[in-house]
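Here's the structure we're looking at; comments come further down.
Every chain is numbered from 1 and lettered A, B, ... according to where its sequence line falls, protein lines coming before strand lines.
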Number of protein chains: 2
Amino acid sequence: MTDKKEQILHAALELFASEGYHTVSTSKIAKKAVVSEGLIFRHFENKKGLLEAILEYAFERMGILLMPILTEKSPIKAIEKYILLPFEIDKSEYHFWRLLFKLKWEIEYSSVEKMKPLIDKLSTSFEALNYKEPEKEAEVLNHIIESVSGGILKDGLQSQEILKDFLLKKYHI
Amino acid sequence: MTDKKEQILHAALELFASEGYHTVSTSKIAKKAVVSEGLIFRHFENKKGLLEAILEYAFERMGILLMPILTEKSPIKAIEKYILLPFEIDKSEYHFWRLLFKLKWEIEYSSVEKMKPLIDKLSTSFEALNYKEPEKEAEVLNHIIESVSGGILKDGLQSQEILKDFLLKKYHI
DNA sequence: GTCTATACGATGATAGAC
DNA sequence: GTCTATCATCGTATAGAC
């Protein structure tokens, strides 16, 4: 993070995440990153290019976060890990994930595609556990975790924490 | 909708819903409404005032939509009605609800408060049906429907329709 | 109630020097 | 790689005439 390009990326991430892409000006980003505004356009073609660089990084991070679930051999453990996911996110990364939730409605990106491997994993896990309709169980659990995650990012961990044990019990964990 | 004020409201709703509050300019709204830009500021103090007028209307509409659930005597029917809600929304009103989903992340408004009566209703319904932890069941169902609704608004009805019967079965309806 | 004209700051982006 | 200076355009908002 000693590099100015990194500084820009970092400042933009925080600002986009907390205030949204359209509301944040390049001038504001430059000030926060303590660089000249022009530099932003040298490193990234334009404002949208800056956003895309951040998104790329974000998706990479999401992949890393999901990896332990995708590689989990035990079906019950895979489901457990997914349920616990939103409750164990580090607070320092909230703004990071908030950005993805915000952008899902602000710009068009196919979250469906990105989540496909996860849904598949959950689906085979439920299948291994003899659930009647594993794909649908996977979709529903995904919906629950998605909305719980949104709740945590909007209103804080404590707003959802009571659901943690309840969900684990619900899925017999 | 013969009134120019109505025309502005209508145009702004459509534009905000499809493109977001911050991206849409007052000039664009004026063009779509076929009125002068200045008129917007006569009827509504400023752009934010216009948004608030729309939001007020939106919350009123949400109240109307939820009313049949809140007044439903049969607990099982109340739950059924709530599950069916996102699947039965008229396509012509999609942009309307999309606006609320978008704004939840774009500006700050307490969706939690607005949903309180619904959660309470679901909670007492689950209680009447002898569920062990009715409040939590209510929260989880609310999460499911919230995320399913989001899916429908983003990717269309058909993306979620397979879950309709599954959810009804899941809640023994 | 409605329109035209306009003020004026902010914004994304570029050019050129170091 | 980085900064300063600058620009054209857009965006919100106001004033005044009809």
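Across the protein-nucleic acid pair, B:Ile40 atom CD1 and D:dA15 atom C1' stand 17 Å apart, rounded to whole Å. Going from atom NZ of A:Lys31 over to atom P of D:dT4 covers 13 Å, rounded to whole Å. As rounded to whole Å, 17 Å separates atom P of C:dA10 from atom CD1 of A:Ile29. When rounded to the nearest whole Å, the span between CD1 of A:Ile8 and C1' of D:dG1 equals 11 Å.
Axis deviation across the helix from C:dG1-D:dC18 to C:dC18-D:dG1 amounts to 0°, comparing end segments of five pairs, rounded to 10 degrees.
The residues A:Lys102 and A:Glu19 are annotated as not salt-bridged, no charged nitrogen and carboxylate oxygen being separated by less than 4.0 angstrom.
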- Readout for nucleotides 11-18 of chain C: B = base within 4.0 Å of protein heavy atom, S = sugar-phosphate only, - = neither; 5' to 3' it is SBBBBB--

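For B:His22 and A:Glu106, the side-chain atoms include no donor-acceptor pair closer than 3.5 Å. For B:His143 and A:Glu146, the side-chain atoms include no donor-acceptor pair closer than 3.5 Å. For the residue pair A:Thr26 / A:Glu37, a side-chain donor-acceptor distance below 3.5 Å is found, with atom types taken as modelled.
Side-chain N/O atoms of A:Lys5 include none lying less than 4.0 angstrom from OP1 or OP2 on D:dT2.
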Name each donor-acceptor pair under 3.5 Å that joins a side chain in residues 66-73 of chain B to protein atoms two or more places apart or in another chain, with its distance.
unit_1  : atom_1 : unit_2  : atom_2 : d
B:Thr71 : OG1    : B:Met67 : O      : 3.0
B:Glu72 : OE1    : B:Lys81 : NZ     : 2.7
B:Glu72 : OE2    : B:Ser74 : N      : 3.1

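A:Phe126 and A:Tyr171 have tilted rings, their planes meeting at an angle from 30° to 60° on a 0 to 90° scale.
Enclosure of atom CZ in B:Phe59 by more than 12 non-hydrogen atoms of other residues, nucleotides or ligands within 6.0 angstrom is indicated.
Geometrically, A:Lys47 engages A:Tyr21 in a cation-pi contact defined by less than 6.0 Å to the ring centre and at most 45° from the axis.
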